[in-house]
Amino acid sequence: MTRSEQIIQSLGLKPHPEGGYYKETYRSVGQIPDGAILGIEGERSYSTAIYFLLTRTVFSAFHKIKSDEMWHHYDGAAIELHMISPEGEYTKVVIGKDFSNGEHPQYVVPAGYWFGSRVKGDAEFSLLGCTVSPGFDFHDFVLAKEEELTSIFPKHTKIISELTHR
């Protein structure tokens with residue numbers, strides 16, 4: 001059994017619709033009432049957290065949510081986090097432990113950004129955590145379709161093609 005398979009089994013991770021494997025580890029008891037957050041319908045938890053694992057062959061496809069999402073690196077290789085702002089600005093951030101080479105141990109993706117990620121290089125896996133505030137809800141989750149995203153952001157066609165499911 002590979003190390004990534006051991007982690008998936010030990011932590012009880014399941015496939016995520018965007019790619020990768022996850023398990024929700026925290027959902028606040030406190031709730032933000034419906035109508036209190038502009039652009040979000042329904043109640044939301046104050047915050048949620050998950051374990052999230054990517055492998056060399058399984059990436060996180062471009063998607064967006066209506067909340068900020070903080071990524072935390074736990075184990076394995078660094079990841080490349082690719083983001084496109086609503087205005088079309090592309091950014092790549094490396095989340096990992098090699099601080100002297102510009103890697104970040106944590107990083108926040110702002111609400112409304114399209115983002116996807118993959119294991120850096122040819123490493124086996126990366127284990128991360130994601131904290132979302134206001135809390136994650138699948139009603140706020142939009143998985144990108146390659147054709148639609150490239151029509152909006154044609155100058156980013158290459159990375160969009162690499163990080164979308166067909």
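We count residues from 1, following the sequence as given.
- Two residues are said to be in side-chain contact when any heavy atoms from C-beta on lie closer than 4.5 Å; S117 and L54 meet this criterion.
- The closest side-chain donor-acceptor pair between Q31 and S45 falls under 3.5 angstrom.
- For the pairing with T131, the side chain to side chain donor-acceptor pair (under 3.5 Å) check across Q106, E69, H72 returns one residue only, H72.
- K66 has no carboxylate O lying under 4.0 Å from a charged side-chain N of D137, or vice versa, which leaves the two without a salt bridge.
- The aromatic rings of Y22 and H16 sit perpendicular, their planes meeting at an angle over 60°, well past the 30° parallel limit.
- Between G96 and A78, the shortest heavy-atom contact is CA-CB, 3.9 Å.
- Under the 4.0 Å criterion applied to side-chain N and carboxylate O atoms, E80 and K120 are not assigned as salt-bridge partners.
- The shortest distance between side-chain heavy atoms of P134 and I32 falls below 4.5 Å.
- Under the 4.5 Å side-chain criterion, counting only non-hydrogen atoms from C-beta, T2 is not in contact with Q6.
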- [ ] Evaluate the side chain to side chain contact (heavy atoms under 4.5 Å, CB included) criterion for residues I160 and E146: first the C-alpha distance (whole Å), next the side-chain angles of each, then the deciding distance (0.1 Å), finally the verdict.
- [x] CA-CA 6 Å; I160 291 168; E146 181 179 358; 4.3 Å; yes

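- At least one side-chain heavy atom of E89 sits under 4.5 Å from a side-chain heavy atom of T91.
- Put simply, the residue from F136, W71, F59, Y21 that forms a ring-ring contact (aromatic ring centres under 6.0 Å, His included) with F52 is W71.
- The number of heavy-atom neighbours closer than 6.0 Å to NE2 of H139, taken from other residues, nucleotides and ligands shown, is 12 or below.
- Ring to ring, H63 and F115 are close: their centroids are under 6.0 angstrom apart.
- Using a cut-off of 4.0 Å between Lys/Arg side-chain N and Asp/Glu carboxylate O, D140 and R44 are scored as salt-bridged.
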